[in-house]
Amino acid sequence: DQQVKQNSPSLSVQEGRISILNCDYTNSMFDYFLWYKKYPAEGPTFLISISSIKDKNEDGRFTVFLNKSAKHLSLHIVPSQPGDSAVYFCAASDRGSTLGRLYFGRGTQLTVWP
Amino acid sequence: DSGVTQTPKHLITATGQRVTLRCSPRSGDLSVYWYQQSLDQGLQFLIQYYNGEERAKGNILERFSAQQFPDLHSELNLSSLELGDSALYFCASSVVGAGNTIYFGEGSWLTVV
């Protein structure tokens, strides 16, 4: 049962443009959401997170938006850079339950071309 | 560097064999998680330990087992290995209560031949 879904396996964007990665979830108990970036042969690296009490969190070029009513979140990268090319995983947790277990989507491969 | 250390980084073994993957969490982290990533698969949660006790179980096969020791390092034991067990195995750790952000090691790449 995939509780976190990333329906786009890949996204290709030109350098300098905006990258928008999307994620949907089904469990209404999820109250904490994260994005991880993963380069080949490396472990996922934490990128940005958002609590369910917020609808937006920004960190430099990265902004995460949360729409609780739609059970949808998105990651915006502006401007996109070639070094952003990686697999991006969306993750969610219910902090009241299992002490931190994260549910991951299958990932979206972002390619930023010059 | 996330502070989570995994060994070995690469491992090639034959079907039917048994291997042990080792993980040292970040200093101060009490929770350890194991994830598996196969080709075309996302990060599949296997198991979580908190301060030595099993806390949550995911899609972990009966041939696999794990434990967390008093010094908080963890081991994932994979036995009766099959070709389909070839994957990247990630360990992650977290300070429970710190927003549930978990930090991953670089993974152990297991190839079963």
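Below, chains carry the letters A, B, ... as their sequence lines are ordered, and counting in each starts from 1.
- In this structure, CZ in A:R106 is found 11.0 Å from CD in B:Q37, a value given to the nearest 0.5 Å.
- For B:L43, the parts lying under 4.5 angstrom from a heavy atom of chain A are both the backbone and the side chain.
- At most 12 non-hydrogen atoms from other residues, nucleotides or ligands lie less than 6.0 angstrom from CD1 of B:I12.
- Remark: A:K5 NZ is loosely packed, at most 12 non-hydrogen atoms of other residues, nucleotides or ligands lying under 6.0 Å away.
- Note on B:W34: it clusters hydrophobically with B:L81, by side-chain heavy-atom contacts below 4.5 Å among ILVMFWY residues.
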Check the pair B:Y35 / A:L102 against side chain to side chain contact (heavy atoms under 4.5 Å, CB included), numbers first and verdict last. CA-CA 10 Å; B:Y35 284 83; A:L102 295 181; 3.8 Å; yes

Does the pair B:Y103 and A:T45 meet the rule for a side chain to side chain donor-acceptor pair (under 3.5 Å), with working shown? CA-CA 7 Å; B:Y103 296 90; A:T45 303; over 6 Å; no

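- Atom CZ of B:R63 is surrounded by more than 12 heavy atoms from other residues, nucleotides or ligands within 6.0 Å.
- With contacts defined as side-chain heavy-atom distances shorter than 4.5 Å, the pair A:K38/B:F90 qualifies.
- For a residue to count as touching a neighbouring chain, one of its non-hydrogen atoms must lie under 4.5 Å from one of that chain's; by this rule A:A41 touches chain B with the backbone only.
- Within the 4.5 Å cutoff, the side chain of B:F104 has heavy atoms near those of the A:Y36 side chain.
- Residue A:V112 is grouped with residue A:L11 when hydrophobic side chains (ILVMFWY) are merged at heavy-atom distances under 4.5 angstrom, including chains of intermediate members.
- A heavy-atom distance below 4.5 Å is found between the side chains of A:Y32 and B:T101.
- A:F104 places none of its side-chain heavy atoms less than 4.5 Å from the side chain of B:F45.
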